[in-house]
Number of protein chains: 2
Amino acid sequence: MEDKLLLLRQHFEEIVSLTDDEWNFIQSHFEFKSLKKHQFLIQVGQPVDFEYWIIKGLVKAYSIDEKGKEHILQFAMEDYWVSDHCAFQHQEPGTIFVDCLEDSEFFCLSLENREKICFEVPAVANFFRIKSNHGYINLQQRILSLLTMTAESRYEYLLNKLPKLIQRVPKKLIASYLGVSRETLSRFNS
Amino acid sequence: MEDKLLLLRQHFEEIVSLTDDEWNFIQSHFEFKSLKKHQFLIQVGQPVDFEYWIIKGLVKAYSIDEKGKEHILQFAMEDYWVSDHCAFQHQEPGTIFVDCLEDSEFFCLSLENREKICFEVPAVANFFRIKSNHGYINLQQRILSLLTMTAESRYEYLLNKLPKLIQRVPKKLIASYLGVSRETLSRFNS
DNA sequence: AGCTAAAAGTGACCTAAATCACTTTTCAAG
DNA sequence: CTTGAAAAGTGATTTAGGTCACTTTTAGCT
């Protein structure tokens with residue numbers, strides 16, 4: 001477990017510096033969790049008690065529409081944060097599903113603990129501020145890609161941006177992430 | 001100007017509490033700017049020196065594709081923040097345009113000043129952290145709406161969510177925001 | 001190795017929305 | 001009040017991508 005916590009510390013210290021005391025205080029606010037492939041981290045209608053930092057593994061966050069079709073909001077792997085941020089923030093029942101595409105391990109942070117360490121250790125507030133800002137920028141780019149690009153060029157773009165991801169994820173899920181049918185995606189590329 | 005700064009202080013204090021000393025320090029890091037309708041706040045290729053908090057007015061943030069078509073990333077009005085966050089964060093030339101749909105006034109915050117007040121006054125770090133998190137959640141919902149909803153239901157959704165905005169903005173810009181052609185939008189609703 | 005199920009590919013057909021061309025309406029500026 | 005430009009509406013046509021149905025390939029699992 002020490003080695004895993006060290007990874008998390010390194011993740012924080014890529015953005016902000018921490019003293020050992022600060023780190024000891026911070027790490028005591030995380031819980032460990034481990035799930036097998038196909039198990040759920042978050043489910044629609046269930047409480048969303050945590051934000052999760054992924055130690056290892058791969059998950060998909062998605063919603064299911066009236067027709068039962070799955071729409072992928074996010075893939076998240078090692079070193080990523082994932083949650084149903086909306087439900088988590090407002091402490092409401094989950095609005096999306098998050099499940100494991102591979103066996104995965106997480107450090108879990110509750111809302112109460114997050115606010116506690118943010119107001120106790122300013123560096124943590126700055127860490128999440130900067131992280132959140134990066135996330136915002138990424139989502140803006142995804143929106144622009146949905147507005148401006150054809151399905152095919154969104155696929156090419158993703159192939160360039162996250163080649164590793166594509167190898168770990170079935171193409172039908174990539175299709176769903178891109179907002180395109182599996183059949184159409186299969187006719188691209190070549 | 002005092003009254004305008006008071007509005008900004010209220011905007012901060014909706015999220016975090018500030019002492020008068022803290023506020024005086026914070027406010028000294030903002031600049032005032034005023035633009036007429038049709039003037040640019042940010043242009044592609046130009047430096048993006050600031051993030052802007054809108055005192056009054058309305059702007060659109062958009063990119064232009066190879067065919068000269070405009071794609072609207074965001075509308076922003078009173079009490080909103082706007083910038084080319086990506087270019088601003090990395091201090092690179094602008095990647096989008098932002099221009100005024102109405103005469104507008106702004107408080108401008110440079111990257112250097114933002115980081116200064118964030119690391120000097122922890123409440124500010126928490127303010128931006130929480131704001132940024134809200135922004136992230138909004139963008140996630142917009143992505144989900146682009147993935148799961150038809151153009152028509154996105155329009156209805158927007159009509160409900162921001163009825164005020166629709167009255168201030170030509171429908172062809174709403175169409176561009178929704179990722180639909182102006183002609184198609186015109187055939188909805190009725 | 002053999003078997004099942006999921007994933008991927010492919011053809012035929014369909015449809016939502018884009019595009020193009022033109023008309024009508026609205027609005028701001030002299 | 002008039003006028004020119006921008007915005008909005010509308011019909012005809014095209015097209016990107018969806019859907020359906022089926023086959024082939026790949027990957028887990030006893």
Side-chain angles (χ1 to χ4, degrees), chain A residues 35-39 57-60 62 64-72 75 97 99-104 144-159 163 165-190, chain B residues 36-39 57-60 62-72 75 97 99-104 143 145-159 163 165-190:
Chain A
L35 289 178
K36 298 278 174 206
K37 190 171 173 174
H38 294 132
Q39 290 187 311
L58 176 61
V59 305
K60 65 176 200 272
Y62 59 101
I64 297 203
D65 67 22
E66 328 78 62
K67 291 170 198 149
K69 211 169 125 186
E70 186 174 303
H71 301 273
I72 296 197
F75 294 110
F97 296 95
D99 70 28
C100 299
L101 298 173
E102 301 173 0
D103 296 352
S104 304
L144 266 187
S145 80
L146 286 167
L147 292 177
T148 65
M149 297 162 87
T150 64
E152 184 157 16
S153 41
R154 288 203 296 281
Y155 183 47
E156 281 163 18
Y157 178 73
L158 189 68
L159 279 175
L165 184 75
I166 278 107
Q167 272 135 35
R168 287 167 77 175
V169 173
K171 288 228 180 90
K172 68 167 187 174
L173 296 183
I174 301 288
S176 161
Y177 176 86
L178 293 172
V180 88
S181 74
R182 157 195 101 56
E183 294 93 332
T184 298
L185 186 88
S186 155
R187 287 182 243 261
F188 293 159
N189 167 251
S190 57
Chain B
K36 298 277 174 206
K37 190 171 170 170
H38 294 132
Q39 289 188 312
L58 176 61
V59 305
K60 65 175 200 272
Y62 58 101
S63 85
I64 297 201
D65 67 21
E66 328 77 62
K67 291 169 197 150
K69 210 168 124 186
E70 188 174 302
H71 301 273
I72 297 197
F75 294 110
F97 295 95
D99 69 30
C100 299
L101 298 172
E102 302 173 2
D103 296 352
S104 304
I143 287 171
S145 80
L146 286 167
L147 291 178
T148 65
M149 297 162 86
T150 64
E152 185 156 16
S153 42
R154 288 205 295 280
Y155 182 47
E156 281 162 21
Y157 178 74
L158 189 67
L159 280 175
L165 184 76
I166 278 106
Q167 272 136 35
R168 286 166 77 175
V169 173
K171 288 228 180 89
K172 68 166 186 173
L173 296 184
I174 301 289
S176 161
Y177 176 86
L178 294 171
V180 89
S181 73
R182 152 195 104 58
E183 294 92 331
T184 298
L185 187 87
S186 155
R187 287 182 245 259
F188 291 160
N189 170 248
S190 56

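Predicted model, so just to flag it, every value in this text is computed and none were measured. Convention: sequence-line order gives letters A, B, ...; per-chain numbering from 1.
Put simply, CG on A:Leu173 is 15 Å from P on D:dA27, counting in whole angstrom units. If you measure from atom CD1 of A:Ile166 to atom C1' of C:dA7, you get 16 Å, rounded to the nearest angstrom. Separating the CG atom of A:Leu185 from the C1' atom of C:dG9 is a distance of 11 Å, rounded to the nearest angstrom. Spacing between atom CD1 of B:Ile174 and atom C1' of D:dA8 amounts to 14 Å, rounded to whole angstrom units. Atom-to-atom, CG of A:Leu178 to C1' of D:dG18 comes out at 15 Å; the value is rounded to the nearest Å. Rounded to whole angstrom, the span from the CD atom of B:Gln167 across to the C1' atom of D:dA7 amounts to 16 Å.
Scanning for ring-ring contact (aromatic ring centres under 6.0 Å, His included) contacts around B:Phe75 gives B:Tyr177, with sequence neighbours left out. The side-chain contact (heavy atoms from CB on, under 4.5 Å) check on B:Ser176 picks up B:Ile72, with sequence neighbours excluded. Qualifying salt bridge (charged side-chain N to carboxylate O under 4.0 Å, His left out) partners for A:Glu156, counting only residues two or more places apart in sequence or in other chains: none. In this structure B:Ser181 satisfies the side-chain contact (heavy atoms from CB on, under 4.5 Å) test together with B:Glu183, B:Thr184, sequence neighbours excluded. B:Gln39 pairs by the side-chain contact (heavy atoms from CB on, under 4.5 Å) definition with B:Leu35, B:Lys36, not counting sequence neighbours. Applying the salt bridge (charged side-chain N to carboxylate O under 4.0 Å, His left out) test to A:Lys172 and every residue at least two apart in sequence or in another chain returns nothing. The side-chain contact (heavy atoms from CB on, under 4.5 Å) search around B:Lys67 returns B:Asp65, not counting sequence neighbours. Every residue meeting the salt bridge (charged side-chain N to carboxylate O under 4.0 Å, His left out) condition with A:Glu102, not counting sequence neighbours, appears here in chain and number order: A:Arg168. With sequence neighbours left out, A:Arg182 forms a salt bridge (charged side-chain N to carboxylate O under 4.0 Å, His left out) with no residue at all.
By the 4.0 Å N-to-carboxylate-O rule, B:Lys60 lies close enough to B:Glu70 to be salt-bridged with it.
For A:Lys172, a side-chain nitrogen or oxygen approaches OP1 or OP2 of C:dA7 to under 4.0 Å. A:Lys67 has no side-chain polar atom (N or O) that falls below the 4.0 Å cut-off from OP1 or OP2 of D:dT19.
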Quick one: which protein N/O atoms are closer than 3.5 Å to N/O atoms of nucleotides 14-17 of chain D? Pair and distance per line, please.
{"residue": "D:dG17", "atom": "OP1", "partner": "A:Ala151", "partner atom": "N", "Å": "3.1"}

Let's go through B:His38 and B:Asp99 carefully: what are the C-alpha distance in whole Å and the side-chain angles of both, what is the deciding distance for side-chain contact (heavy atoms from CB on, under 4.5 Å) to 0.1 Å, and is it a yes or a no? CA-CA 6 Å; B:His38 294 132; B:Asp99 69 30; over 6 Å; no
Under a 4.0 Å heavy-atom criterion, the protein footprint on nucleotides 21-30 of chain C, written with B, S and -, is ----------
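With the end axes of the helix from C:dA1-D:dT30 to C:dG30-D:dC1 each set by five pairs, the angle from one to the other reads 60° at 10° resolution.
For A:Arg187 against D:dG18, a side-chain-to-base donor-acceptor contact under 3.5 Å is absent.
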